[in-house]
Amino acid sequence: MTQAVRIKDLGRHEGQVVAVRGWVTHVRSKGKIAFVVLRDGSGIVQTVASLQDVGDETLARMDAATQESSAVVTGTVRADRRAPGGYELQLKSFEVTGDSPDYPIAPKEHGVEYLLDHRHLWLRHRGPWAILRVRDEVEKAIRDFMYDREFVLIDSPILTPAACEGTSTLFETDYFDEKAYLSQSGQLYLEPACMAFDKVYCFGPTFRAEKSKTRRHLTEFWMIEPEMAWATLDDAMALAEEMVSYIVARVLDRRAEELKVLERDTSKLESVVPPFPRLSYDEAAAILTRPENVKRAEEAGAPPFVPGSDLGAMDETILGEPFDRPVMIHRYPVEVKAFYMQPDPERPDRALCVDVIAPEGYGEIIGGSQRIHDPELLQARIAEHGLPESAFRWYLDARRYGTVPHAGFGMGIERVVGWITGTRHLRETIPYPRTIQRLYP
RNA sequence: UCCGGGGUAGCUCAGCCGGUAGAGCAGCUGGCUGUUAACCAGCGGGUCGGGGGUUCGAGUCCCUCCCCCGGAGCCA
C-alpha cells in the first residue's frame with residue numbers, strides 16, 4: 001500500500017510515489033490534461049494528470065470533481081517551477097471519497113454575513129485557516145508561559161450563582177429550582193484560589209450579554225486570567241508586558257507562514273518587547289485634552305473625552321498611536337472602575353488598575369488591578385455598589401482568613417489574535433463566533 | 001438604545017428623470033496536452049425583504065414593519 005503523506009511533507013519525498021488524502025479546492029481541466037488542486041490540513045498542492053498517464057476514465061473523474069470533494073490520490077512527487085508551492089504530484093490514480101455538489105463558497109467574493117452563515121465550511125479556506133492556526137499558537141504559548149512560571153491552572157465554573165460585576169450583562173439560565181448565570185469572569189474564584197497556590201490562572205470561555213454591535217465585541221469570548229498572591233499593581237503590569245511579548249515572539253517564530261498568508265506587516269510586531277510605555281490616567285487625560293487631539297476626536301465623530309470619565313475607543317486609539325508597542329494606562333478614577341479594585345494609598349480617588357492598549361487601533365487587550373484585601377473596605381464597596389452581600393460571603397472569606405495583597409488581570413484572546421493577525425473583526429478570530437445577532441451555526 | 005449605510009439570480013453587484021429585469025462568477029453542455037481565480041462557445045436561473053399607498057404604470061416615489069452591515073456607549 002502506498003504511503004500516505006501530508007502535503008507539507010511532500011518535499012521530503014521527491015521522486016517517490018505517495019498517497020495524499022485531501023479536498024479538491026479547484027479543478028482546471030484542459031481536455032487531455034487536467035489539474036486538480038488538493039488541500040489537506042497542512043497545505044495545498046497541485047496535482048496533474050494527462051490522458052496518456054491515467055486513461056480517459058480517471059481523467060473524466062478529475063474533470064467532473066467539484067469543489068471540496070474529498071479525494072485520495074496517488075502519484076509521483078516532482079519539483080516543478082510551474083507549480084504553486086514548488087512541488088506537484090504527477091498522478092497515477094484519483095478516487096473521490098465523498099462528492100460535493102453545489103458547494104456554497106465559490107472562489108469569488110462573498111459578503112461577511114453569507115460567509116458567517118457558512119462558517120463551518122469557511123474554516124476550510126485560507127484566511128480562517130491561517131487565523132485559527134495563529135489562535136492555536138497563542139493559546140499554546142499562554143499555557144507554556146504560565147506553566148513555566150509555576151502558575152497553577154484553576155478551571156473556574158461556567159455556571160455561577162450570581163453576578164461578579166452586576167447582573168445586567170449576564171446570560172441567565174434555569175438551574176433546577178433557581179437561577180444560574182453564565183460566567184463573565186473567573187476572577188472572583190481565582191482570588192481565593194491564589195491563597196491556596198500563590199500563583200493561579202484560569203483560561204476559558206466567558207459570556208457577556210452586552211448589546212454591543214462593534215467589531216471588538218463577542219457575547220462569548222475566551223479570557224486568560226492570572227491572579228497572584230503577595231502581588232501589587234506593578235507585579236501585574238510586569239507580568240502583563242512579559243506575557244504579551246512572549247506570545248508575540250512565539251507567533252513570529254512559529255507562525256510566520258500564516259502571517260504571510262494574512263499579509264501581516266510583521267515589522268509592527270517585532271518591536272513588541274518590554275518595557276511597554278506607561279501612562280497614568282492623569283497623564284493620558286492631559287494628552288487627550290490637548291487641542292489637536294480634541295479636534296481629532298471631533299473630526300472622527302467620536303464623543304469628546306471628559307476628564308474623570310472612562311476612556312472611549314477613539315481615546316484609546318489616540319493614546320496608543322505614538323507607540324510601537326502596547327501602552328499601559330494605570331490608576332483610573334475609582335468611580336469608573338470595578339468595586340474590588342484597591343485604591344491608591346497616595347491618592348485614594350485613584351484605583352490601582354491598568355488597561356493595556358494594543359497598537360494600531362486594536363484597543364484594550366488587558367484589564368487588571370490590585371484587589372482590595374481589607375475586609376471592611378471591600379464590604380463597604382460591595383454595599384456602595386448596591387451588590388447583595390449574601391452572594392459575596394464566600395468571596396469575603398479570602399479577606400477574613402489570612403488576607404494578603406494580591407493582583408491579577410484578564411486578557412481577551414480574540415483581541416490579541418485580532419491584533420497579531422491584523423484582523424479587524426473579532427468574529428473571525430474564533431472558530432464559531434457568537435454575537436448579539438448570531439447563534440448559528 | 002442612538003446615529004449612518006443597505007436588502008434585486010445560488011454568490012457579488014448594476015439598474016439614470018417611474019415605462020415592465022441585467023452583468024460577472026458559480027452550475028450545466030460542448031471544445032482545448034502546462035493551467036495558475038485558465039480560456040472559448042452555448043444553456044437554464046428572479047415573490048426586486050414583507051405589507052400598504054400614489055400612479056395608466058413602481059425595483060425606482062411615499063408610509064410602515066422586518067432583517068443585515070458599520071459606528072457609538074459598555075467592556076476583554
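A note on names: the letters A, B, ... follow the listed sequences, proteins ahead of strands, and every chain is numbered from 1.
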Rounded distance in Å between the C1' positions of B:rC11 and B:rG27: 12 Å
d(CD, A:Glu113; P, B:rC67) in whole Å: 12 Å
Touch class at under 4.0 angstrom, heavy-atom based, for A:Asp310 against every strand present: sugar-phosphate
Complement of B:rA23, any strand, by Watson-Crick or G-U distances under 3.5 angstrom: B:rU12
Distance test, side-chain N/O of A:His425 to OP1/OP2 of B:rG70, below 4.0 Å: yes
Sugar-phosphate, base or nothing in reach of A:Gln52, heavy atoms under 4.0 Å: base
Side-chain N,O (A:Arg216) to OP1/OP2 (B:rG70) below 4.0 Å: no
Gap separating the CZ atom of A:Arg78 from the CG atom of A:Leu10, nearest 0.5 angstrom: 13.0 Å
Sugar-phosphate, base or nothing in reach of A:His118, heavy atoms under 4.0 Å: nothing
d(CD1, A:Ile436; P, B:rG70) in whole Å: 12 Å
Sugar-phosphate, base or nothing in reach of A:Thr206, heavy atoms under 4.0 Å: nothing
Whole-Å P distance, B:rC40 and B:rC25: 8 Å
Nearest-0.5 Å distance that lies between atom OG in A:Ser369 and atom NE2 in A:His330: 14.0 Å
Spacing of the C1' atoms in B:rA21 and B:rU47 (rounded, Å): 14 Å
Separation of atom OH in A:Tyr440 from atom P in B:rC68, rounded to whole Å: 15 Å
Nearest-angstrom distance from the residue atom CD1 of A:Ile430 to P of B:rA76: 16 Å
Residue A:Pro303, side-chain atoms from C-beta onward, closest of B:rA72, B:rA76, B:rG34: B:rA72
Touch class at under 4.0 angstrom, heavy-atom based, for A:Phe221 against every strand present: base
Toward the 5' end of RNA chain B, by each residue's nearest nucleotide, A:Gln437 or A:Glu316: A:Gln437
Distance test, side-chain N/O of A:Arg215 to OP1/OP2 of B:rG71, below 4.0 Å: yes
Options B:rA76, B:rC11, B:rG73, nucleotide nearest the side-chain atoms of A:Ala313: B:rG73
Nearest-nucleotide pick for A:Asp80, side chain only, options being B:rA37, B:rC11, B:rG34: B:rG34
Donor-acceptor pair (no angle test) under 3.5 Å: A:His110 side chain, B:rC11 base: no
Pairing partner (Watson-Crick or G-U wobble, both distances under 3.5 angstrom) of B:rU60: none
Touch class at under 4.0 angstrom, heavy-atom based, for A:Ile105 against every strand present: nothing
Check: B:rG34 base within 3.5 Å donor-acceptor of A:Glu88 side chain: yes
N-O pairing of A:Glu316 and A:Arg415 below 4.0 Å: no
Given RNA chain B, 5'-ward residue of the pair A:Ser50 and A:Gly111, judged by closest heavy atom: A:Gly111
A:Phe339/A:Phe392 under ring pair (Phe, Tyr, Trp, His ring centres under 6.0 Å): CA gap, chis, key distance, verdict: CA-CA 12 Å; A:Phe339 72 92; A:Phe392 290 94; 5.5 Å; yes
Given B:rG34, B:rC75, B:rG71, the nucleotide with the shortest approach to the side chain of A:Arg208: B:rC75
B:rG4 - base-pair partner by Watson-Crick or wobble geometry, distances under 3.5 Å: B:rC69
Parallel, tilted or perpendicular: ring planes of A:Tyr114 versus A:His110, cut at 30 and 60 degrees: parallel
Chi-based syn or anti call at B:rC17, which uses purine or pyrimidine torsion atoms and a 90° bound: syn
Ring centroid separation A:Tyr201 to A:Phe145 under 6.0 Å: no
Salt-bridge present (A:Arg126, A:Glu258; N to O < 4.0 Å): no
Between B:rU55 and B:rU60 - C1' atom distance, rounded Å: 13 Å
A:Arg427 to A:Tyr432 six-membered ring, cation-pi geometry met (6.0 Å, 45°): no
Rounded distance in Å between the P positions of B:rA14 and B:rC67: 24 Å
Gap between atoms CG and C1', on A:Asp355 and B:rC74 respectively (whole Å): 13 Å
Sugar-phosphate, base or nothing in reach of A:Gly312, heavy atoms under 4.0 Å: sugar-phosphate
Between P of B:rC69 and CG of A:Leu115, the distance in whole Å: 12 Å
Touch class at under 4.0 angstrom, heavy-atom based, for A:Arg427 against every strand present: sugar-phosphate
Pairwise P distance, B:rU20 and B:rA37 [rounded to whole Å]: 40 Å
A:Glu220 CD - B:rA76 P separation (whole Å): 17 Å
P spacing across the pair B:rU64 / B:rC2, given as an integer number of angstrom: 15 Å
Distance, rounded to the nearest Å, where A:Glu210 contributes CD and B:rG73 contributes C1': 10 Å
Among B:rC74, B:rU35, B:rC11, the nucleotide that comes nearest once only the side chain of A:Arg28 is considered: B:rU35
ring centroid sep under 5.5 Å plus plane angle under 30, A:Phe35 with B:rG34: no
The single option from A:Glu210, A:Arg216, A:His217 passing side-chain hydrogen bond (donor to acceptor under 3.5 Å, both in side chains) against A:Thr214: A:His217
Touch class at under 4.0 angstrom, heavy-atom based, for A:Ala302 against every strand present: nothing
B:rG50 to B:rU8 separation - P atoms, rounded to the nearest Å: 10 Å
